[in-house]
Amino acid sequence: MSPIIRIDKIADHVGQEVTLQGWLQLKTGKGKLQFLRVRDGSGVIQAVIFKGNVSEEMFEAAKRLPIESSLVISGTVRADERAPGIPGGFELDVNALEVVQESAEYPIGLKEHGVEFLMDHRHLWLRSNRQWAIMRVRATIVKAIRDWLDNNGFTLVDTPILTPSAAEGTTTLFKTDFHGEDAFLAQTGQLYNEVNIFSVGRTYCFGPTFRAEKSKTRRHLQEFWMVEPEIAFCKLEELLEIEEQFVSYIVQTTLHERAAELKLLERDTSFLERIVPPFPRISYDEAVEMINRAAAAGATVPPNDEPVPAMEWGGDFGAPHETYIAGQFDRPVFVHHYPTAVKAFYMEPEPGRPEVCRSADLLAPEGYGEIIGGSERMSDPDVLLAAIDRHGLPREAYEWYVDLRRYGSTPHSGFGLGVERTVAWICGLDHIRETIAFPRMLNRLRP
RNA sequence: UCCGCGAUAGCUCAAUCGGCAGAGCAAGCGGCUGUUAACCGCAAGGUUGGAGGUUCGAGUCCUCCUCGCGGAGCCA
């Protein structure tokens, strides 16, 4: 048998006889010709069977082969501009076909399907070109995240999923039973990261997090992946420099390594090519002014041309606010110094202006919303204890957390980046549910 | 939790004012040596989400329920 190769290496084998292992994605025929579009996980190629080149039985088998049948085919690789595929431009002139399994009638066709049908068939939907491309982009984004952090002095230290208490309130936690005691699925690893910086200086955790929010929007999942870096001896200004380098590396690496997949997704990559440091920075105060000027002028935001509502200083932004602000810039924008009252208890107040804190969110362009939330953390034990009291949190539960400020405390900062929102942004998707293989949403636990 | 929209063939949808349930695709059969979601022909495909009501007559109107979609709040 000729050597088995993967389709992404097809260009290296023009003129040679090779064997491919994969699945029949699409078939069309014209009399004595059968065109089989075959995918193998690395790409897609058109295989052409001419009746005169194979046995009568083999040609008939090919002619009646259902899509998604698994097969092994051998033939000669030929460059042909007409040939579709990933990469396109090559086809296999088939001389042998082995059907591994003839597929049952496949539920998913190439025509349109509704969301519910596709989600019910997620286990099959993932085979489609579009979902394949998204999973490949996601894998590259995850690798870029890890590579950048590993190459910039960060040490991965895993944080627990089962936790005894809430980090930031208790309304959105999934409760589980820990041998008779209430335990909760983690919604952040940050507090543990703050432990770990005192060991390794720069750390990150990377894993699934859980939010039992009753959120039903294109930006929310119940289970999502978050990378949370935390840095000792780092103040807010330095944190933002790290974040913009990090995000730019992720975008540029993905552009470079997954160009074919982004093209398949019809992503306009000119938006992504601009993503290089520095990112614009505006204060919360400035953002509120921008919003209210826009509201007074009757500005609207895409995609539905909603009017931008006015807002008072002190509130958090709604979705149209975020979309409007992000829309004023051609790259992600930092909004810093949010009101202390709307942010988590551990954020460092601005000296001389305690009503705002040393926090910054990063808003992605094109309406993708907040992809990073970060801040400088409180470093003084007494200030932290006062904040814990002010938020009505039990001191006992946070004793170990306050201890970190008693034994060699330093300024330190960190942030969390939501992987699925980042994937949705880079891929240009209109819903986050396609960014993870098996999304867990408000009304979706299976498959 | 709240607001809005929806559920008809395996899939995507149509059905006028309340008056015979209809297309495309898929699956089946036949044809074609360059198809790109091929095309042409034939044949087949229905408990209109569920329960009740109004009516001579309900896919269509009313009530309740179930499920889904979009959004709000909250967040990454």
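Every chain is numbered from 1, with letters handed out A, B, ... down the list of sequences.
No contact: A/Q222 has no heavy atom under 4.0 Å from any strand. Across all strands shown, A/I372 has heavy atoms under 4.0 Å from sugar-phosphate atoms exclusively, and none from any base. Among the heavy atoms of the strands lying under 4.0 Å from A/H431 are primed sugar atoms or P, OP1, OP2 only; no base atom is included.
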Distances for protein N/O vs nucleotides 8-11 of chain B N/O pairs under 3.5 angstrom?
{"unit_1": "B/C11", "atom_1": "O2'", "unit_2": "A/E112", "atom_2": "O", "d": "3.3"}
{"unit_1": "B/C11", "atom_1": "O2'", "unit_2": "A/H113", "atom_2": "ND1", "d": "2.5"}

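Side chain of A/T217, nearest nucleotide from B/G34, B/C67, B/G73: B/G73. With distances taken from any side-chain atom of A/K216 to the nucleotides B/U1, B/C69, B/U35, the minimum falls on B/C69. Closest to the side chain of A/T28, from the set B/U35, B/C75, B/G34, is B/U35. Proximity note for A/R218 (side chain, C-beta onward) versus B/C74, B/G34, B/G71: the nearest is B/G71.
In a base pair of the Watson-Crick type (N1 to N3 plus N6-O4 or O6-N4) or a G-U wobble (N1-O2 and O6-N3), with each distance short of 3.5 Å, B/A51 is matched with B/U63. In a base pair of the Watson-Crick type (N1 to N3 plus N6-O4 or O6-N4) or a G-U wobble (N1-O2 and O6-N3), with each distance short of 3.5 Å, B/U35 is matched with no nucleotide.
Remark: A/R130 engages A/E434 in a salt bridge (charged side-chain N to carboxylate O under 4.0 Å, His left out) (not counting sequence neighbours). Scanning for side chain to side chain contact (heavy atoms under 4.5 Å, CB included) contacts around A/L126 gives A/R122, A/Q131, A/M135, A/A437, A/F438, with sequence neighbours left out.
Proximity of A/R433 to the phosphate of B/G70: a side-chain N or O atom is located under 4.0 Å from OP1 or OP2. Between A/R64 and B/C29 there is a side-chain N or O to OP1 or OP2 distance below 4.0 Å. Between A/K30 and B/G34 there is a side-chain polar atom (N or O) within less than 4.0 angstrom of OP1 or OP2.
A distance of about 33 Å separates the C1' atoms of B/G57 and B/A43, rounded to the whole Å. A gap of 13 Å separates the C1' atoms of B/A9 and B/U47, to the nearest Å.
The pair A/R138-A/E420 meets the salt-bridge criterion, since a charged nitrogen lies less than 4.0 angstrom from a carboxylate oxygen. Ion pair A/R281/A/E244 flagged as a salt bridge, since at least one NZ, NE, NH1 or NH2 atom sits closer than 4.0 Å to an Asp/Glu carboxylate oxygen.
Take the nearest nucleotide of RNA chain B for A/E91 and for A/L442: the residue whose nucleotide is more 5' is A/L442.
Taking the side chain as every heavy atom from C-beta outward, A/T163 and A/Y192 approach each other to under 4.5 Å.
Ring orientation note: the planes of A/F206 and A/W225 are nearly perpendicular, at an angle over 60° on the 30°/60° scale.
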As a quick check of understanding, evaluate side-chain hydrogen bond (donor to acceptor under 3.5 Å, both in side chains) for A/Y204 and A/D150, giving each step before the final call. CA-CA 9 Å; A/Y204 69 100; A/D150 292 344; 2.8 Å; yes
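With hydrogens and angles left out, the side chain of A/R37 and the base of B/G34 share no donor-acceptor pair within 3.5 Å.
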